[in-house]
Amino acid sequence: MQDAVTAVIENYDIKGRYLDRDAIDTLKDYFSSGIARVKAAAVINGNAAKIVKAAGSQLFDEQPELIRPGGNAYTTRRYAACLRDLDYYLRYVSYALVAGDVDVLNERVLEGLRETYNSLGVPIGPTVRGIQILKAVVQAQVSEAGIDAADIVAQPFDYLSRQFSEQNI
Ligand SMILES: CCC1=C(C)/C(=C/C2=NC(=C\c3[nH]c(/C=C4\NC(=O)[C@H](C)[C@H]4CC)c(C)c3CCC(=O)O)/C(CCC(=O)O)=C2C)NC1=O
């Protein structure tokens, strides 16, 4: 698993080179956004259950067919599985935020998920919508807490969404 620092070091070590201007700029960006990253993660950690609940409610308000007979999140068990998946996305996003790198999402979340969702008929469009709603809820809370990190917060959520969309799961 990589973070912003190990990613740079690994890249330069492979080439046997000292860190150059580009590397220093990347590292500076990471460290200067560090406090905001940790604070945003703390907002997530302190409100995770509320965030997931709010995002789930909004998703099912927008797309009630998901929880009607024939919908993938219909039945208590699948409803709970859906909220649990949102909780997974939120927790791993909080790790990626602190790491300043999406590698943890590739390694722990996205790997093999395509096959699983395919075989269970979990629909991708609504999943991506759920991730985008999670993003908006977190951004609102982070901003309410007086932390200027909307773009930083967006990155891992948008990465997950893009991977889902591009993989065409
Ligand atoms: C940490 C990494 C990780 C992820 C991401 C993960 C996802 C994951 N979601 C699953 C199921 C599921 N995922 C959903 C999710 C949804 N259905 C919808 O209609 C909505 C769009 C959406 C919620 C937003 C549902 C309903 C199931 C159960 C499907 C079934 O069993 O038929 C399953 C199948 C096994 C199980 O039910 O536990 C996995 C592995 N597991 C992991 O370990």
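What you see below is based on every heavy atom in this structure, not just the backbone, and it leaves out hydrogens, waters and symmetry mates. Order of listing sets the numbers, starting from 1, for every ligand and every atom in it.
- Protein heavy atom closest to atom 9 (N) of ligand 1, with residue, atom name and distance, is D85 OD2, 2.7 Å.
- When L110, L113, T75, N72 are checked for heavy-atom proximity to atom 19 (O) of ligand 1, N72 turns out nearest.
- For R77, the closest heavy-atom approach to ligand 1 falls below 4.0 Å.
- Regarding atom 40 (C) of ligand 1, its nearest protein heavy-atom neighbour is T116 CG2, 3.7 Å.
- The hydrophobic cluster containing Y88 does not contain I131, counting ILVMFWY residues as joined when their side-chain heavy atoms lie under 4.5 angstrom apart, directly or transitively.
- Around atom 2 (C) of ligand 1, the closest heavy atom drawn from R129, Q63, R108, E115 belongs to R108.
- The shortest side-chain heavy-atom distance between F164 and L113 falls under the 4.5 Å cut-off.
- In terms of protein heavy-atom proximity, atom 32 (O) of ligand 1 is nearest to R78 CD, 3.1 Å.
- Within the 4.5 Å cutoff, the side chain of V104 has no heavy atoms near those of the P156 side chain.
- Annotation: side chain of I133 is in contact with side chain of E62 (closest heavy-atom distance under 4.5 Å).
- Residue contacts with ligand 1, taken as heavy atom pairs separated by less than 4.0 Å, do not involve Y79 at all.
- Nearest protein neighbour of atom 28 (C) of ligand 1, counting heavy atoms only, is A81 CB, 3.7 Å.
- Shown in contact with L66 at under 4.0 Å from a heavy atom are these atoms of ligand 1, numbered in order with element: 19 (O).
- Between Y92 and ligand 1, not a single N/O pair is under 3.5 Å apart.
- L90 is not connected to V98 by any chain of hydrophobic side-chain contacts under 4.5 Å among Ile, Leu, Val, Met, Phe, Trp and Tyr, and they are in different clusters.
- No side-chain heavy atom of V93 sits less than 4.5 Å from a side-chain heavy atom of Y159.
- Ligand 1 is approached by R84 to a heavy-atom distance shorter than 4.0 Å.
- Listed by number with element, the atoms of ligand 1 under 4.0 angstrom from any heavy atom of A73 are 19 (O).
- Nearest protein heavy-atom neighbour of atom 3 (C) of ligand 1: Y88 CD1, 3.5 Å.
- Note on ligand 1: G130 sits outside its first shell, no heavy atom being nearer than 4.0 Å.
- Side chains of T6 and D3: a donor-acceptor N/O pair is present below 3.5 angstrom, by distance only.
- Considering CG of L160 and CG of L105, their distance stands at 4.5 Å, rounded to 0.5 Å.
- Those atoms of ligand 1 that come under 4.0 Å of a heavy atom in T127, given as number and element, are 21 (C).
- Both V8 and F31 belong to a common hydrophobic cluster when Ile, Leu, Val, Met, Phe, Trp and Tyr are linked at side-chain heavy-atom distances under 4.5 angstrom.
- In terms of protein heavy-atom proximity, atom 34 (C) of ligand 1 is closest to L120 CD1, 3.3 Å.
- In the model, R78 has no side-chain atom that pairs as donor or acceptor with a side-chain atom of Y74 under 3.5 Å.
- Considering only heavy atoms from C-beta on, M1 comes within 4.5 Å of R108 through its side chain.
- In this structure, the protein non-hydrogen atom closest to atom 22 (C) of ligand 1 is C82 SG, 2.9 Å.
- For ligand 1, the polar-atom distance check against Y89 finds no nitrogen or oxygen pair separated by under 3.5 Å.
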